[in-house]
Amino acid sequence: MPGSAERNSPLHDIHVAAGAAFTDFAGWQMPVRYSSDLAEHAAVRTAAGLFDLSHMAEIVLVGPQAAAALDHALAGKLSAIEEGQAKYSLLLNEQGGILDDLVVYRTGPDRFLVVANAANREVAARELRERAAAFDVLVEDESDDIALIALQGPKSEEILRNVEGFDLPGLDDLKYYRAITADFRGHHVLVARTGYTGEDGFEFYIAPDAAPALWAAIAETGAGSGLVPAGLAARDTLRLEAGMPLYGHELGPDTFPAQAGLGRVVALTTKEDDFVGRSAVEAGPPPGARVLVGLVSEGKRAGRAGYPVMRGGAVVGEVTSGALSPTLGHPIAMAYLDPDAAEATDLELDVRGSRIAASPAALPFYKKEA
Amino acid sequence: MTEPAADLKYTAEHEWVAVDGDVATVGITAYAADKLGDVVYVDLPKQGASLKGGSVVGEIESTKSVGELFAPVDGEVVEANQAVVDDPTLVNSDPFGSGWLIKVRFTELPALLSADEYAALTD
């Protein structure tokens, strides 16, 4: 809520009981870790992890022109997705910069659920409302009425199937970036095969008062399979290994989609009508605009957000996210580099005064086995 | 969380100091280790290095962030803990024991915090 100091998730008491350490995230007190970042990260790569993402924002558009309104408001062609399908999209400003990255679910012929970053809740709700004003559609910020739990990792499906009282029609055919409506002990749940870890997994949108029972049921069902609750620290290293951008790090209002490698998200060729940011995106980023690259180095010392990237004596870029990759065992980073340095093999990270050799690497750094 | 041990001295930078004659053994507290998360890299001053109290002399790096090691006293490093360089997880698993970081020979011990005073800082 605007102006409110600190908010707790509907699962807060469960996290406290589990011994979680908390961090402030966009005004929310969210679990940063329960025991060990590395153990939680490894559990998601090898078994499963359970995340509380109730801080995320959910904005619903309903009405005969909902699809047309989203085509105008967002970079992608949302009218092209079918009911039960999800699509990653961007909210652009008129200058072509990124105001937020979002996942949009079509939950009915005339109904869409837009999931925005917690920090951008107000911006996303306001922009969607303003941009949809000329269309026959209602825009509702339902963030306070929706909790979000994510189950991620190779054992997710097996665990999900064994949760008692979870009726999941259509799970057998549920593909990546698709969603189904399910029933958990009388509560309506949107179950989506989406995530932010680079693993198979599911996200559950459910009423806040039903969320604790769902969390407990999944945690209990998965405990024997290696499932652990996982915090935002693990979520960050998982998404970094998977090469997924994070708003405020890789994405921001001064970044064009093409710079972030997200040119494909903008439907320039398939959308005939105008949409916010179109002309700026068509004109393209200014000459010499930096581009997002993956960097790897040896040893244990990681470049971190804000660290300069050097070539010879010159600064040629800046790290936006970095960590010692728990899965790969060496440092990885995402950085914006001058275009002529983007493929250079003689780069160095300035790690608090020490120079660490770095070289470009294809994203994602980590890819799950098919 | 592990309570600060009564026989140790502490600093506001969340380090502990164990004094034995003119040698101070220095580590970070369990509170600091918990805040950092899993430690994956430590950078310690070399044996023989001359330290100035209050200055940054090393780093303790976790997956999530970087902590600085401050010299709690003026003095000379007589030993840096190679075991913790080889296995930084010792900082998390045994911060007051095998996760110690450096031993420093000092001439004068500055005012340090008692266990109770330190505990009050972390409430």
Side-chain angles (χ1 to χ4, degrees), chain A residues 16 19-25 30-45 230-241 246 249 297-307 319 321-333 349-354 356, chain B residues 1-4 13-14 28-46 49 51-52 54-71 80-95 97-99 101 119 121-123:
Chain A
V16 172
F22 291 87
T23 188
D24 177 89
F25 194 94
M30 298 304 290
V32 64
R33 71 180 63 85
Y34 295 82
S35 55
S36 153
D37 309 339
L38 293 174
E40 291 161 26
H41 181 111
V44 173
R45 289 277 179 255
L232 293 182
R235 181 169 158 85
D236 192 42
T237 46
L238 288 159
R239 71 93 195 166
L240 175 59
E241 287 183 343
L246 174 61
H249 286 252
S297 24
E298 295 179 358
K300 301 288 178 192
R301 304 185 78 187
R304 293 175 189 273
Y307 290 7
V319 173
S321 296
L324 176 63
S325 164
T327 307
L328 305 172
H330 60 74
I332 57 174
L349 305 178
D350 181 346
V351 178
R352 302 179 297 285
S354 305
I356 309 286
Chain B
M1 209 194 79
T2 318
E3 293 297 316
E13 282 82 30
H14 304 286
I28 68 167
T29 64
Y31 176 86
D34 278 358
K35 285 285 172 200
L36 272 173
D38 292 309
V39 176
V40 293
Y41 176 83
V42 293
D43 182 28
L44 302 177
K46 294 201 169 30
L51 307 185
K52 173 142 181 47
S55 60
V56 174
V57 297
E59 289 178 350
I60 306 114
E61 192 161 347
S62 70
T63 50
K64 200 68 191 139
S65 58
V66 183
E68 291 174 323
L69 175 65
F70 293 86
N81 188 358
Q82 188 58 41
V84 87
V85 171
D86 295 340
D87 179 10
T89 63
L90 292 174
V91 175
N92 297 107
S93 60
D94 193 13
S98 55
L101 300 175
L121 275 187
T122 57
D123 275 348

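Convention: sequence-line order gives letters A, B, ...; per-chain numbering from 1.
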Need one label for A/Ala21: side chain, backbone, both or neither, based on atoms under 4.5 Å from any heavy atom in chain B.
neither
With sequence neighbours left out, what residues match A/Arg301 under salt bridge (Lys or Arg N to Asp or Glu O under 4.0 Å)?
B/Glu59
Run the side-chain contact (heavy atoms from CB on, under 4.5 Å) test against B/Ser62 and tell me which residues pass, sequence neighbours left out.
B/Leu36, B/Lys64, B/Ser65
Looking at A/Thr237, A/Leu38, A/Val32, which one has more heavy-atom pairs under 4.5 Å with chain B than the rest?
A/Leu38
Side-chain heavy atoms of A/Ser36 within contact of B/Asn92, under 4.5 Å
no
Spacing of CG belonging to A/Leu324 relative to NZ belonging to A/Lys300, to within rounding of 0.5 Å:
5.5 Å
Would you say the side chain of A/Leu349 lies within less than 4.5 Å of the side chain of A/Ser297, judging by non-hydrogen atoms?
yes
Counting a contact as any heavy-atom pair under 4.5 Å apart, which residues of residues 37-44 of chain B contact chain A?
B/Gly37, B/Asp38, B/Val40, B/Tyr41, B/Asp43
Are A/Arg352 and B/Glu68 side-chain neighbours, meaning at least one heavy-atom pair lies under 4.5 Å?
no
With sequence neighbours excluded, what pairs up with A/Glu298 under the side-chain contact (heavy atoms from CB on, under 4.5 Å) test?
none
Chain B: which of A/Ala302, A/Ala323, A/Gly322 shares the most heavy-atom pairs with it under 4.5 Å?
A/Ala302
Quick check on A/Asp236 against chain B: is it the side chain, the backbone, both or neither that has a heavy atom closer than 4.5 Å?
side chain
Is the backbone of B/Gly99 close enough, under 3.5 Å, to the side chain of B/Asn81 for a donor and an acceptor to pair up by distance?
no
